[in-house]
> 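First, the structure itself, so that you have it in front of you.
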2 protein chains.
Amino acid sequence: MTASALDILAQHNLRKTAVRAQVLDIFLDSREALSHNDIEAHFNQVDRITLYRTLKTFEEKGVIHKAIDGGEKLKYALCSGHCSEHAHEDHHAHFHCDQCGKTVCIESMHIPAVQAPAGYQLSGAYLVLKGTCATCT
Amino acid sequence: MTASALDILAQHNLRKTAVRAQVLDIFLDSREALSHNDIEAHFNQVDRITLYRTLKTFEEKGVIHKAIDGGEKLKYALCSGHCSEHAHEDHHAHFHCDQCGKTVCIESMHIPAVQAPAGYQLSGAYLVLKGTCATCT
DNA sequence: TGTTTAATGCAACGTTGTTTCATTTGGCAA
DNA sequence: TTGCCAAATGAAACAACGTTGCATTAAACA
Ligand SMILES: [Mn+2]
Ligand SMILES: [Mn+2]
Ligand SMILES: [Zn+2]
Ligand SMILES: [Zn+2]
């Protein structure tokens with residue numbers, strides 16, 4: 001059972017608008033994390049300010065999460081399942097291909113538990129794998 | 001024995017210029033990773049384009065490394081010891097404070113060895129710890 | 001000291017992201 | 001179904017960040 005764009009909007013109490021539905025469709029069609037620019041390129045025509053706000057809202061509401069990859073531009077990916085405004089649970093690694101620049105979620109790899117240095121209080125961690133993806137090998 | 005700015009430039013076969021020496025002094029005086037803006041703020045007057053080029057050169061030559069922290073702006077930190085143009089060895093974690101935004105190298109924490117997902121070829125990894133630093137606790 | 005080559009300073013330009021405000025539209029209740 | 005209200009959108013203006021090309025200056029070395 002795959003959730004549709006409208007399902008996702010309903011689940012997060014977000015108004016159903018054309019831009020939002022189309023952005024979600026783009027994420028649903030993609031297996032890689034997407035930057036603002038990637039998404040803009042999928043539209044015939046879209047206001048980029050609206051797109052910034054859409055992504056910000058989605059991120060705040062737990063629809064998408066930032067895919068940290070050490071690259072120059074910020075990318076987002078769909079949250080898998082049960083994230084909400086108050087509980088983002090994205091404890092998985094991301095892989096960034098040095099060749100093609102694509103970034104993917106590695107849902108199966110959880111962030112290993114690490115010990116905080118003395119005096120520091122940990123709230124989370126990012127793990128980014130770099131290398132060559134299956135397509136670029 | 002602490003290397004001076006001029007020592008570092010000599011070690012990497014870089015010309016000794018005022019801007020470069022001063023940028024290195026700023027890094028040597030700082031225990032945290034610095035963004036372009038942080039560095040610019042330490043100068044009375046500096047051309048920001050020169051600063052961009054200085055940081056780029058330092059990064060390429062193994063003088064500084066990018067401190068990935070998941071934050072909005074790129075930061076750099078001095079490489080410890082034996083990095084060169086052809087061998088950047090920065091296999092340590094970084095800590096990013098959610099409160100003050102400061103990022104520090106955790107030299108003592110090496111990146112754990114992880115298994116590459118099927119079809120992927122690993123060349124490295126980043127580990128970023130988030131939380132509250134000793135000062136902000 | 002003079003020559004060569006790299007570094008700098010400056011201008012111009014492009015990209016990215018934010019803020020403000022008027023207009024449009026989705027959700028909801030009468 | 002209609003109309004109202006709050007939220008989303010579109011447009012303009014602006015700020016921050018970053019790059020490129022070119023003329024000038026300065027470091028290195030003979
Ligand atoms: Mn992810
Ligand atoms: Mn570091
Ligand atoms: Zn690839
Ligand atoms: Zn702090």
Side-chain angles (χ1 to χ4, degrees), chain A residues 4-27 33-64 66-76 85 101 103, chain B residues 4-27 33-64 66-76 85 101 103:
Chain A
S4 74
L6 295 188
D7 292 339
I8 294 172
L9 289 176
Q11 281 164 25
H12 293 86
N13 291 309
L14 292 168
R15 288 197 177 181
K16 296 167 193 176
T17 71
V19 174
R20 288 177 175 180
Q22 196 169 345
V23 169
L24 283 176
D25 281 334
I26 292 166
F27 274 112
L34 300 171
S35 68
H36 175 105
N37 228 332
D38 295 332
I39 297 165
E40 205 172 349
H42 276 82
F43 277 84
N44 282 99
Q45 188 233 5
V46 71
D47 185 72
R48 61 191 194 91
I49 292 95
T50 299
L51 197 46
Y52 278 118
R53 286 188 282 225
T54 300
L55 293 174
K56 191 176 178 211
T57 300
F58 281 180
E59 205 274 333
E60 287 169 356
K61 300 292 184 180
V63 179
I64 59 179
K66 291 175 182 164
I68 307 294
D69 67 358
E72 52 293 329
K73 48 181 49 183
L74 182 56
K75 293 183 179 179
Y76 295 97
E85 181 165 9
T103 302
Chain B
S4 74
L6 294 188
D7 292 340
I8 294 172
L9 290 175
Q11 282 164 24
H12 293 86
N13 292 309
L14 291 167
R15 290 197 177 181
K16 295 167 192 178
T17 70
V19 174
R20 287 177 177 181
Q22 196 168 347
V23 168
L24 283 176
D25 280 335
I26 292 165
F27 274 113
L34 300 171
S35 69
H36 176 105
N37 228 330
D38 295 334
I39 298 167
E40 205 173 348
H42 276 82
F43 277 84
N44 282 100
Q45 187 231 6
V46 70
D47 185 72
R48 60 191 193 92
I49 291 94
T50 299
L51 197 46
Y52 279 119
R53 285 189 281 225
T54 300
L55 293 174
K56 191 177 178 206
T57 300
F58 281 0
E59 205 274 332
E60 287 168 358
K61 300 292 182 178
V63 179
I64 59 179
K66 292 175 182 163
I68 307 295
D69 67 357
E72 54 292 329
K73 47 181 51 181
L74 183 55
K75 293 183 180 178
Y76 295 97
E85 182 166 8
T103 302

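Any value given below was found using the heavy atoms of this structure, including those in side chains, with hydrogens, waters and symmetry copies removed. Letters A, B, ... mirror the listed sequences (proteins, then strands); counts begin at 1.
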> Rounded to the nearest angstrom, tell me the gap between atom NE2 in B/His36 and atom P in D/dA16.
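About 13 Å, once rounded to whole Å.
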> Determine the contact category for A/Thr54: base if any of its heavy atoms lies under 4.0 Å from a base atom, sugar-phosphate if only primed atoms, P, OP1 or OP2 are that close, otherwise nothing.
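Sugar-phosphate: the residue A/Thr54, judged by heavy atoms under 4.0 Å, touches backbone atoms but no base.
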> To the closest 0.5 Å, what do you measure between NE2 (A/His12) and CD (A/Glu60)?
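So the NE2 of A/His12 and the CD of A/Glu60 are separated by 13.0 Å.
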> May I have the distance from A/Gln22 (atom CD) to C/dT25 (atom C1'), rounded to whole angstrom?
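Taking CD of A/Gln22 and C1' of C/dT25, I get 17 Å after rounding.
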> Send over the distance from A/Glu72 CD to D/dT19 C1', rounded to a whole Å.
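Nearest whole value for this atom pair: 14 Å.
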> Nearest 0.5 Å, please: how far is CD in A/Gln45 from CZ in A/Phe43?
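Atom-to-atom, A/Phe43:CZ and A/Gln45:CD are 10.0 Å apart.
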> By a strict heavy-atom criterion of less than 4.0 Å, which residues belonging to residues 43-52 of chain B are in contact with DNA chain D?
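Those residues whose heavy atoms fall under 4.0 Å from DNA chain D, taken from residues 43-52 of chain B in numerical order, are B/Arg48, B/Ile49, B/Tyr52.
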> Atom CG of B/Leu9 to atom C1' of D/dA28: distance rounded to whole Å?
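Rounded to whole Å, this separation is 14 Å.
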> Distance check needed: D/dT19 C1' versus B/Leu74 CG, whole Å only.
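One finds 15 Å between C1' of D/dT19 and CG of B/Leu74, rounded.
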> Considering only side-chain heavy atoms of B/Arg15, which listed nucleotide, C/dT8, D/dA26, D/dT9, is closest?
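Nearest nucleotide to the side chain: D/dA26.
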> Does C/dT15 have OP1 or OP2 sitting under 4.0 Å from an N or O in the side chain of A/Asn37?
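Negative; the distance criterion is not met.
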> Please find the pair of heavy atoms, one from A/Ile64 and one from A/Leu55, that lie closest to each other, and give the distance.
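Scanning both residues completely, I find the closest heavy atoms to be CD1-O, 3.7 Å.
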> Could you state the atom-to-atom distance from NZ of A/Lys66 to C1' of C/dG17 in whole Å?
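To the nearest whole Å, that distance equals 13 Å.
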> Start at the 5' end of DNA chain D and walk down; is the nucleotide closest to B/Lys56 or to A/Arg20 reached first?
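Final value for this comparison: A/Arg20.
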> Answer yes or no: does a side-chain N or O of B/Thr17 lie under 4.0 Å from OP1 or OP2 of C/dA6?
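No, outside the criterion.
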> For the residue pair B/Gly101 and B/Lys75, what are the closest heavy atoms and their distance?
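Closest approach of B/Gly101 to B/Lys75, heavy atoms only: O-NZ, 2.6 Å.
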> Check the distance between C/dT16's C1' and A/Asp38's CG and give it to me in whole angstrom.
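Rounding to the nearest Å, CG of A/Asp38 and C1' of C/dT16 are 14 Å apart.
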> Show the nearest heavy-atom pair for residues A/Ala21 and A/Leu9, with the distance to one decimal.
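Residues A/Ala21 and A/Leu9, closest heavy atoms: N-CD1, 4.2 Å.
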> Between A/Arg53 and B/Arg53, name the one whose nearest nucleotide on DNA chain D is closer to the 5' end.
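That would be A/Arg53.
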> Within the side chain of A/Asp38, is there an N or O that forms a donor-acceptor pair under 3.5 Å with the backbone of A/Ser35?
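Checked: pair present.
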> If I take atom NZ in residue A/Lys16 and atom C1' in nucleotide D/dA7, what distance separates them, rounded to the nearest angstrom?
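Taking atom C1' of D/dA7 as the reference, NZ of A/Lys16 is at 16 Å.
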> Quick one: pull up OG1 in B/Thr54 and CZ in B/Arg48 and give me the separation to the nearest 0.5 Å.
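Those atoms lie 13.5 Å apart.
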